Undergrad: 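One structure is given below, represented as structure tokens, and several questions about it will come after.
Values in this document were obtained by computation on a predicted structure and should not be read as measured data. As the structure lists them, so they are numbered: ligands from 1, and atoms in each ligand from 1.
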Amino acid sequence: MCLIRYRLRLSKWRDSKMHGIWVGVCTPGNEPHMLPILWQNSSLTHWQISYCILALYTLCDLQFSIKLLLKSKNTDHLKFFTKALDVENGLTVTRICACVSQVTFPVRVFKLLGVETLMVTNAAGSLADSYSCGDIMIICDHINFPGLAGLNPLNGPNDDKFGPRFPPMSGVYDKSLRKMAFDICKNMGVSQYVQEGVYCMVGGPNFESIAEARFLHRLGVDAVGMSTAPEVLVASHCGMRVFGLSLITNKVVKSYEDNESVNHEAVLEVSKMRSEMLQTLVTELISRMDINNNTA
Ligand SMILES: O=P(O)(O)O[C@@H]1C[C@H](O)[C@@H](CO)O1
């Protein structure tokens, strides 16, 4: 049954002129896996990648095991990718053992395959008072907290083939893609749910304490999560164009009077609730991009 769903989904993405997809998959035990599904239309030279990070795996409505997938789709590209990942980390990238060089490794593989645009999605908690649960925040900038503290995927010898030793981090989130996303949301009639703001990555896996939440709020953070910045950093370092969005799955508790507390189940629930909307937005965004020139 999973297999059928998977095939249906693939044809849906293919119709939308998408030529590569990288999804986060949760096995029934809820063990997260990052899994690439790739295919290429021979008439096109560029790959497009969507990268759905753990909590937003429902973007693609996929819940099946890696084994099942590998059996079902045996293209050369898929083999190449799984092999590449095997070497690096045995196919799985889990929150528990994730280190920044592991989670960003696939971004470099994408680059070597000719991928020019990276789209990242994540689930995040809001600090901005005007945001609501279920909002979509188009990311205009980020604060990479682990990076500021030295946990940076670019640590170690620099390979100049990918990018410079000291890369700039201004203007990383592509303006034209951001504008396009806003236009699409307007056409979809969902502008009221769309925000633009600053994402902050923290190390996790715990959610923030109230004091930490207040601290981040004062720094100008609109939404906080546990991913995205390292992948974006590596993509930007090697000259890829980046688009990112956060689904606001919860409001971060900032008051000692507040008895609410966040939990992962609630995060997944909101992700599910918004999966259709996100699918439409991402699909439309990809189909509007000029794939051959990779321009918006
Ligand atoms: O992987 P992302 O950043 O999308 O997911 C967030 C961070 C944690 O993995 C999880 C917490 O509920 O959601």
Undergrad: So which atom in Lys254 and which in Arg214 form the shortest heavy-atom distance, rounded to 0.1 Å?
TA: O-NE, 2.8 Å
Undergrad: For ligand 1, which atoms, with element, lie under 4.0 Å from some heavy atom of Phe207?
TA: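 So the atoms of ligand 1 that pass are 11 (C), 12 (O).
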Undergrad: Of all the heavy-atom pairs spanning Thr228 and Asn122, show the shortest one and how long it is.
TA: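 Of all heavy-atom pairs spanning Thr228 and Asn122, the closest is OG1-ND2, 2.8 Å.
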Undergrad: Between His264 and ligand 1, is there a nitrogen or oxygen pair with a distance under 3.5 Å?
TA: yes
Undergrad: Determine, considering heavy atoms only, which of Ala123, Gly204, Ser227 sits nearest to atom 3 (O) of ligand 1.
TA: Ser227
Undergrad: At their closest point, which heavy atom of Leu216 faces which heavy atom of Val224, and how far apart are they?
TA: CD1-CG2, 3.8 Å
Undergrad: Would you call Gly225 a ligand 1 contact, heavy-atom distance under 4.0 Å?
TA: no
Undergrad: How about CZ on Phe215, more than 12 heavy atoms from neighbouring residues, nucleotides or ligands closer than 6.0 Å, or not?
TA: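 Counting neighbours around CZ of Phe215, 12 or fewer heavy atoms of other residues, nucleotides or ligands fall under 6.0 Å, so no.
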Undergrad: Just heavy atoms, cut-off under 4.0 Å: does Asn122 contact ligand 1 by side chain, backbone, both, or neither?
TA: both
Undergrad: When the ring centroid of Phe207 is compared with that of His264, is the distance short of 6.0 Å?
TA: no
